[in-house]
Amino acid sequence: MQAWQVHENGEPSEVMRLEDVARPVPGDGQVLLKVRAANINFPDVLMCRGHYQVRPPLPFTPGVEICGETEDGRRVIANPALPHGGFAEYAVADAAAVLPAPESLDDAEAAALHVGYQTGWFGLHRRAHLEAGETLLVHAAAGGVGSAAVQLGKAAGATVIGVVGGADKAAVARELGCDVVVDRRSEDVVTAVKEATGGRGADVIYDPVGGEAYTQSTKVVAFEGRIVVVGFASGTIPSPALNHALVKNYSILGLHWGLYNTKNPKLVQHCHEQLTELAARGSIKPLVSERVPLAGAADAVQRLGDGVTTGRIAVVPTGAQA
């Protein structure tokens with residue numbers, strides 16, 4: 001079969017190579033899946049660079065999220081068991097963690113429903129306890145992680161402020177349903193958010209960016225607000241001043257969604273049921289901005305790493321249905 005292999009760490013476009021390799025053999029408790037669509041995530045970029053908290057042995061195939069087909073023909077979504085990731089014609093996954101693909105979504109959309117939306121659901125509902133009528137601020141609102149949080153926030157009855165970088169991404173954020181869109185390239189984020197909230201600030205802030213975005217968050221978080229730390233796409237990990245959290249009375253909440261797979265897998269299943277129901281009602285729908293063939297995966301991963309993509313890019317192997 002064909003699979004992208006990373007033999008050394010570096011930029012995705014330089015270290016990902018499309019090769020003919022043996023089909024992976026499932027281990028105990030694992031299943032072989034034919035990849036129908038694989039969604040590109042920022043961890044794929046970080047793993048290529050060697051900067052992710054999980055470092056699979058070299059060589060490995062990136063791709064942490066797929067819609068696949070079991071040997072008996074069932075359509076499922078899964079996180080492939082590395083080093084046999086999803087940017088390939090076949091992948092393996094832990095059988096206990098395989099979930100049914102929602103019937104209301106096509107393969108590319110189903111592949112994109114998993115990590116980003118699970119992260120959004122856990123961040124907004126499990127960690128921040130977002131309530132209807134509250135104001136939610138989402139950094140990188142037009143990206144894969146941010147777009148999921150925007151849709152989940154709207155579905156929960158929140159007023160959503162989306163922060164983006166550039167006019168094209170601002171247009172995407174509006175289409176997603178953001179009530180207010182702030183373009184950080186042409187506007188002062190802190191001033192714009194304070195104006196939009198009458199000086200009160202945002203009750204919940206969803207931050208997959210870190211760096212300057214986190215600093216802005218501390219300046220616009222409301223009394224008893226919650227900042228959910230999801231990731232550091234900016235490349236800069238903030239060092240929060242805890243005295244500031246004390247005097248402004250806000251909470252800083254960390255979220256590592258992957259831990260729930262081992263610490264509370266039943267809650268992951270419950271979340272998937274909630275997401276499936278929301279998708280069936282049309283309340284959420286993954287924003288798949290591109291569908292690229294397997295040969296285009298390295299370029300697409302690099303573009304995500306360069307910050308020039310919107311929504312999700314799905315890799316669709318030859319012969320699979322998108």
### Task
Please assess Val145 against Phe42 for the test side-chain contact (heavy atoms from CB on, under 4.5 Å), listing each intermediate value before the final yes or no.
CA-CA 9 Å; Val145 174; Phe42 202 69; over 6 Å; no
[X], [Y]: one ILVMFWY side-chain cluster at the under-4.5 Å cut-off?
{"X": "Val228", "Y": "Tyr214", "answer": "no"}
{"X": "Tyr260", "Y": "Val64", "answer": "no"}
{"X": "Val92", "Y": "Val21", "answer": "yes"}
{"X": "Phe232", "Y": "Leu255", "answer": "no"}
{"X": "Phe60", "Y": "Leu304", "answer": "yes"}

### Query
Run the side-chain contact (heavy atoms from CB on, under 4.5 Å) check on Ile40 and Phe87 step by step: do they pass?
CA-CA 9 Å; Ile40 299 176; Phe87 301 151; 3.7 Å; yes
For [Y], is there any backbone N or O sitting under 3.5 Å from a side-chain donor or acceptor partner on [X]?
{"X": "His272", "Y": "Pro100", "answer": "yes"}
{"X": "Glu187", "Y": "Arg184", "answer": "no"}
{"X": "Arg226", "Y": "Arg127", "answer": "no"}
{"X": "Gln30", "Y": "Gly27", "answer": "yes"}
{"X": "Asp207", "Y": "Val229", "answer": "no"}
{"X": "Ser234", "Y": "Thr236", "answer": "yes"}
{"X": "Asp106", "Y": "Ala108", "answer": "yes"}
{"X": "Asn41", "Y": "Pro43", "answer": "no"}

State whether [X] and [Y] are salt-bridged, where the test is any N-O pair (Lys NZ or Arg NE/NH1/NH2 against Asp/Glu carboxylate O) under 4.0 Å.
{"X": "Lys169", "Y": "Asp183", "value": "no"}
{"X": "Arg75", "Y": "Glu69", "value": "no"}
{"X": "Arg303", "Y": "Glu290", "value": "yes"}
{"X": "Glu89", "Y": "Arg36", "value": "no"}

If I compare all heavy atoms of [X] with all of [Y], which pair ends up nearest, and what's the gap?
{"X": "Cys48", "Y": "Pro12", "value": "CB-CG, 4.0 Å"}
{"X": "Thr61", "Y": "Ala88", "value": "CG2-CB, 4.3 Å"}
{"X": "Ser147", "Y": "Gly144", "value": "OG-O, 3.1 Å"}
{"X": "Asn39", "Y": "Ala112", "value": "ND2-CA, 3.6 Å"}
{"X": "Ala93", "Y": "Leu33", "value": "CB-CD1, 3.9 Å"}
{"X": "Ala142", "Y": "Leu176", "value": "CA-CD1, 4.4 Å"}

Which residues satisfy the salt bridge (Lys or Arg N to Asp or Glu O under 4.0 Å) test with [X], sequence neighbours excluded?
{"X": "Asp168", "answer": "none"}
{"X": "Lys285", "answer": "Glu109"}
{"X": "Asp188", "answer": "none"}

Please output the side-chain donor-acceptor pairs of residues 113-124 that fall under 3.5 Å, not counting sequence neighbours, one pair per line with the distance.
| unit_1 | atom_1 | unit_2 | atom_2 | d |
| --- | --- | --- | --- | --- |
| His114 | NE2 | Asn79 | OD1 | 3.1 |
| Tyr117 | OH | Gln151 | OE1 | 2.7 |
| Gln118 | OE1 | Trp257 | NE1 | 2.9 |
| Gln118 | NE2 | Val268 | O | 3.2 |
| Thr119 | OG1 | Val115 | O | 2.7 |

When you compare the side chain of [Y] with that of [X], does any pair of heavy atoms fall below 4.5 Å?
{"X": "Val315", "Y": "Trp4", "result": "no"}
{"X": "Leu82", "Y": "Met47", "result": "yes"}
{"X": "Val98", "Y": "Ile77", "result": "no"}
{"X": "Val15", "Y": "Val6", "result": "yes"}
{"X": "Leu152", "Y": "Leu275", "result": "yes"}
{"X": "His7", "Y": "Arg17", "result": "yes"}
{"X": "Pro83", "Y": "Pro59", "result": "no"}
{"X": "Leu18", "Y": "Leu294", "result": "yes"}

### Message
According to ring-ring contact (aromatic ring centres under 6.0 Å, His included), who are the partners of Tyr250, at least two apart in sequence or on a separate chain?
### Response
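Only His244 meet the ring-ring contact (aromatic ring centres under 6.0 Å, His included) criterion with Tyr250.
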Hey, what do you get for [atom1] ([X]) to [atom2] ([Y]), rounding to the nearest 0.5 Å?
{"X": "Ile252", "Y": "Ile227", "atom1": "CD1", "atom2": "CD1", "result": "6.0 Å"}
{"X": "Asn9", "Y": "Arg55", "atom1": "CG", "atom2": "CZ", "result": "7.0 Å"}
{"X": "Met1", "Y": "Tyr90", "atom1": "CE", "atom2": "OH", "result": "9.5 Å"}
{"X": "Leu137", "Y": "Ser217", "atom1": "CG", "atom2": "OG", "result": "6.5 Å"}
{"X": "Arg312", "Y": "Arg291", "atom1": "CZ", "atom2": "CZ", "result": "14.0 Å"}
{"X": "Met16", "Y": "Asp44", "atom1": "CE", "atom2": "CG", "result": "7.5 Å"}

### Query
Should Glu212 and Val189 be marked as a side-chain contact (heavy atoms from CB on, under 4.5 Å) after you check the CA-CA gap, both sets of side-chain angles, and the distance that decides it?
CA-CA 10 Å; Glu212 179 61 23; Val189 172; over 6 Å; no
Do other residues, nucleotides or ligands put more than 12 heavy atoms under 6.0 Å from the [atom1] atom of [X]?
{"X": "Arg126", "atom1": "CZ", "answer": "no"}
{"X": "Lys248", "atom1": "NZ", "answer": "yes"}
{"X": "Gln53", "atom1": "CD", "answer": "yes"}

#### Entry: side-chain contact (heavy atoms from CB on, under 4.5 Å) between Ile205 and Val220, worked out
CA-CA 9 Å; Ile205 301 177; Val220 297; 4.0 Å; yes
### Message
Ignoring hydrogens and geometry beyond distance, is a side-chain donor-acceptor pair present between Gln302 and Glu11 at under 3.5 Å?
### Response
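A donor-acceptor contact under 3.5 Å links the two side chains.
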#### Entry: Contacts of type side-chain hydrogen bond (donor to acceptor under 3.5 Å, both in side chains), residue Asp72, not counting sequence neighbours
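Thr70, Arg74.
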